[in-house]
Amino acid sequence: MHRRHFILAASGTALTAMVLPRASLANAFEVTRTDAEWRALLTPQEYKVMRKEGTERAGSSPLDKVYDKGTYHCRGCDLKLYSSRHKYDSGTGWPSFYKSLPNAIGTKPDRKLLRVRTECHCRRCGSHLGHIFDDGPRPTGKRHCLNGVSLVFKPV
């Protein structure tokens with residue numbers, strides 16, 4: 001195979017990999033809804049973030065400053081995602097946690113920016129939650145930087 005054919009074939013595969021995961025994952029979730037059902041359930045901002053992988057404005061979520069005891073659930077399907085015990089103030093303007101609850105989230109590479117990030121989503125309905133970075137506190141060293149509109153806080 002000539003070098004330019006290899007490069008074109010490889011770039012086509014990479015482009016397919018960027019587009020395919022969300023579509024192929026959609027059928028793998030326990031909770032599924034039509035686009036019309038999601039739009040009826042969510043506000044326009046929630047829909048943009050949760051279904052189109054958008055990001056809410058930093059500092060706009062009241063959940064960023066909530067430190068009461070309780071759990072954070074997925075707005076799309078009510079799955080328990082994060083415990084308040086693992087929440088901390090990252091100073092970023094988004095609710096941040098150093099770990100999720102067991103079997104709560106899924107991840108995938110996000111190649112929308114110039115570097116690859118780790119996107120996290122609800123493992124049950126696929127709703128976009130935010131991203132995971134390697135600059136968090138001990139014991140995990142992770143920062144789950146989440147969109148508050150994707151979450152519902154339930155106090156204990």
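Cluster annotation: L63 and L101 are assigned to distinct hydrophobic clusters (Ile/Leu/Val/Met/Phe/Trp/Tyr, side-chain heavy-atom contacts under 4.5 Å, transitive). L42 and V152 are assigned to two separate hydrophobic clusters, defined by single-linkage of ILVMFWY side chains at heavy-atom distances under 4.5 Å. The cluster map of Ile, Leu, Val, Met, Phe, Trp and Tyr, joined by side-chain heavy atoms under 4.5 Å apart, puts V49 and W94 in different clusters.
A heavy-atom distance below 4.5 Å is found between the side chains of L41 and R33. Inter-residue side-chain proximity for V66 and P95 is flagged as unmet; no heavy-atom pair is nearer than 4.5 Å. Counting heavy atoms from C-beta on, the side chains of L151 and L81 come closer than 4.5 Å.
Listed by first and then second residue, the ring-ring contact (aromatic ring centres under 6.0 Å, His included) pairs that reach into residues 31-65 come to none, sequence neighbours excluded. Sorted by first and then second residue, the salt bridge (charged side-chain N to carboxylate O under 4.0 Å, His left out) pairs involving residues 144-156 (not counting sequence neighbours) are D78-K154. Applying the side chain to side chain donor-acceptor pair (under 3.5 Å) test to every pair with at least one member in residues 80-89, sequence neighbours left out, gives these pairs: Y82-H144.
Listed for the N147 side chain is a donor-acceptor partner under 3.5 Å among the backbone atoms of E56. Of the possible polar contacts, one joining the R123 side chain to the N103 backbone as a donor-acceptor pair under 3.5 Å is found. Side chain of Q45 to backbone of V149: no donor-acceptor contact under 3.5 angstrom is found. T140 places a side-chain N or O within 3.5 Å of a backbone atom of Y98 that can act as its donor or acceptor partner. Remark: the backbone N or O of A104 is not paired with any side-chain donor or acceptor of R124 at under 3.5 angstrom. With hydrogens and angles disregarded, a donor-acceptor distance shorter than 3.5 Å links the side chain of S150 to the backbone of H128. With hydrogens and angles disregarded, no donor-acceptor distance shorter than 3.5 Å links the side chain of R117 to the backbone of D110.
Nearest heavy-atom pair, F133 versus C145, reported as atom, atom and distance to 0.1 Å: CE1-CB, 3.9 Å. Across all non-hydrogen atoms, the minimal contact from T32 to F29 is CG2-O, 3.5 Å. The two residues S100 and I105 have their closest heavy-atom pair at OG-CG1, 3.7 Å. Among all heavy-atom pairs drawn from T92 and A58, the shortest one is O-CB, 3.8 Å.
Residue S127 forms a side chain to side chain donor-acceptor pair (under 3.5 Å) with just one option from E53, R51, H121, E46, and that option is R51.
Here the CD1-NZ distance, from I132 to K99, works out to 13.0 Å after rounding to the nearest 0.5 Å. Taken to the nearest 0.5 Å, the CG atom of L129 stands 11.0 Å off from the OG1 atom of T107. Note that CG of L146 is 9.5 Å distant from OG of S61, once rounded to the nearest 0.5 Å.
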Which is it for D68 and F153 under the side chain to side chain contact (heavy atoms under 4.5 Å, CB included) test, yes or no, and what are the steps along the way? CA-CA 9 Å; D68 299 340; F153 176 70; 3.9 Å; yes
